[in-house]
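Bear in mind the structure is a predicted one, so any value in this text is a computation, not a measurement.
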Amino acid sequence: MDQHSETRTPKRDKSVEIAVALMVVAVLTLPAIDAIAKLLSATVPAGQVAWARFVVQAAIMAPFVAAGFRRAPVANLGFQVLRGILIATTTVLIFAAVKLMPLADAMAIFFVEPLIVTLLSAVFLGERIGWRRVLAAIVGFAGALIVVRPSYDLFGLTAVLPLGAALCFAIYIVLTRRLVQSQDPVVMQFNSGLTGLVFMSLALLIGHALEIPVFTPVWPTPWEWSLLALCGVIATAGHFMITLAFRQMEAGVLAPFQYLEIVGATGYGLWLFGDFPDGVTWSGIAIIVGSGLYIFHRERVRSRGA
């Protein structure tokens, strides 16, 4: 091994560690958004919660973009707008799915998304997908199904909603991986926040005019305002970490770690709503965590063998 490869291997090893750490922290934190939405669901429409999330994201990222705009000009604006529309559409479809079907069923269908990302990253990003990575993703999905235990007889036509959300979010992730290689992550997060804000504002206006309850805004109490702000902060920080993670590592590698969101959701459910997991749930969580640890191990082996 020459001197160049000796210095390159630790750098690659460090990138794996940073990317996985960012992804794990993000996916364990982001389910707090759903927990907050559940706390607010009795008084604040889901569409308004989604709108507030993008308001806060755009507000947080705007000063950073203004400070460094000349050093980081916007590129691929069309893709960046599409990325914002995709994350906003994902939010709307998930809220609609949860309204019409059990949460566990909606989550079970949505978590086909990491598998879609793995396939799309190979087709559109040219990433190499080994059989071990595909198998680990499938095992993680199986663990997710064990946790949520969906009732398949209830799927019906409404299954299109979470499936659509999964497809939109998968394309969003692939676009993130593509754009972050040449675009400032701060600019990307501001653009997605601004696009999502415009999209959700239009949805609220149309929903209010058509008297659709989920899109009819109300005036929140000070406590509700604080929860809405916290929701936006968590979403902004979580998706920013995901963007940074995809700058370090391939989308197909990181996608299966999204199954850890179920672990986070289980924890928030226990903390806030007293939903204590049973033995089957813990076994599913163990499978999900084991799948993620295996992928992390394989990438460490690959990086050391580079």
Side-chain angles (χ1 to χ4, degrees), residues 22-61 84 87-107 110-111 113 144 147-148 161-162 165-166 168-169 172 189 192-193 196-197 199-201 203-204 207 212-243 258-277 281 285:
L22 286 169
M23 193 69 180
V24 169
V25 172
V27 298
L28 289 177
T29 304
L30 284 173
I33 300 172
D34 298 324
I36 292 172
K38 184 172 181 177
L39 288 171
L40 292 168
S41 61
T43 53
V44 182
Q48 188 171 355
V49 178
W51 174 84
R53 167 247 197 278
F54 290 111
V55 169
V56 174
Q57 179 173 330
I60 290 175
M61 304 310 299
I87 189 62
T89 303
T90 299
T91 304
V92 173
L93 289 174
I94 282 294
F95 281 141
V98 171
K99 182 178 178 62
L100 296 174
M101 63 191 302
L103 178 60
D105 295 343
M107 288 182 63
F110 178 78
F111 273 104
E113 179 266 332
V147 173
V148 299
L161 295 173
C168 288
F169 194 68
Y172 165 85
Q189 289 307 101
S192 63
L197 172 58
F199 185 87
M200 290 308 305
S201 296
L204 289 178
I212 302 174
V214 72
F215 289 120
T216 302
V218 299
W219 187 257
T221 65
W223 170 244
E224 290 167 345
W225 276 121
S226 66
L227 288 178
L228 289 170
L230 179 60
C231 181
V233 170
I234 294 172
T236 303
H239 282 274
F240 188 62
M241 284 188 285
I242 288 175
T243 300
Q258 291 176 257
Y259 293 125
L260 288 173
E261 284 194 42
I262 294 182
V263 179
T266 302
Y268 291 118
L270 175 61
W271 174 35
L272 296 174
F273 308 109
D275 299 329
F276 190 80
T281 298
I285 290 174

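Listed here is the closest heavy atom pair of Cys168 and Thr89: SG-CG2, 3.9 Å. Of all the heavy atoms in Ile33 and Cys231, the pair that sits closest is CG2-SG, 3.3 Å. Closest approach of Val218 and Val44 over heavy atoms only: CG2-CA, 4.2 Å. Contact record, Ala32 with Ile234: CB-CD1, 3.8 Å, taken as the closest heavy-atom pair. Here the shortest heavy-atom pairing between Gly196 and Ala88 reads CA-CB, 4.0 Å. Taking every heavy atom of both residues into account, Ala26 and Gly238 meet most closely at CB-O, 3.4 Å.
With rounding to the nearest 0.5 angstrom, the CZ atom of Phe199 is 9.5 Å from the OG1 atom of Thr91. Taking CG of Leu28 as the reference point, atom CE of Met23 lies at 10.5 Å (rounded to 0.5 Å).
With hydrogens and angles ignored, the 3.5 Å screen pairs no side-chain donor or acceptor of Glu261 with any backbone N or O of Leu30. With hydrogens and angles ignored, the 3.5 Å screen pairs no side-chain donor or acceptor of Gln189 with any backbone N or O of Gln57.
Using bins of under 30°, 30° to 60° and over 60° for the plane-to-plane angle, the ring pair Phe169/Tyr172 lands in the parallel bin.
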Quiz item: How far apart are the C-alpha atoms of Gln48 and Met200, what are their side-chain angles, what is the distance that settles it, and do they pass the side-chain contact (heavy atoms from CB on, under 4.5 Å) test?
Solution: CA-CA 8 Å; Gln48 188 171 355; Met200 290 308 305; over 6 Å; no
For residues 220-227, run the donor-acceptor check on the side chains, cut-off 3.5 Å, and write out each pair with its distance to 0.1 Å, sequence neighbours left out.
residue, atom, partner, partner atom, Å
Thr221, OG1, Glu224, N, 3.2
Thr221, OG1, Glu224, OE1, 3.4
Glu224, OE1, Thr221, N, 2.8
Glu224, OE2, Thr43, OG1, 2.6
Trp225, NE1, Pro220, O, 3.3
Ser226, OG, Trp223, O, 2.5

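Residues Ile87 and Phe54 are in side-chain contact: their nearest non-hydrogen atoms beyond the backbone lie under 4.5 Å apart. Between Pro45 and Phe215 the shortest side-chain heavy-atom distance does not fall below 4.5 Å.
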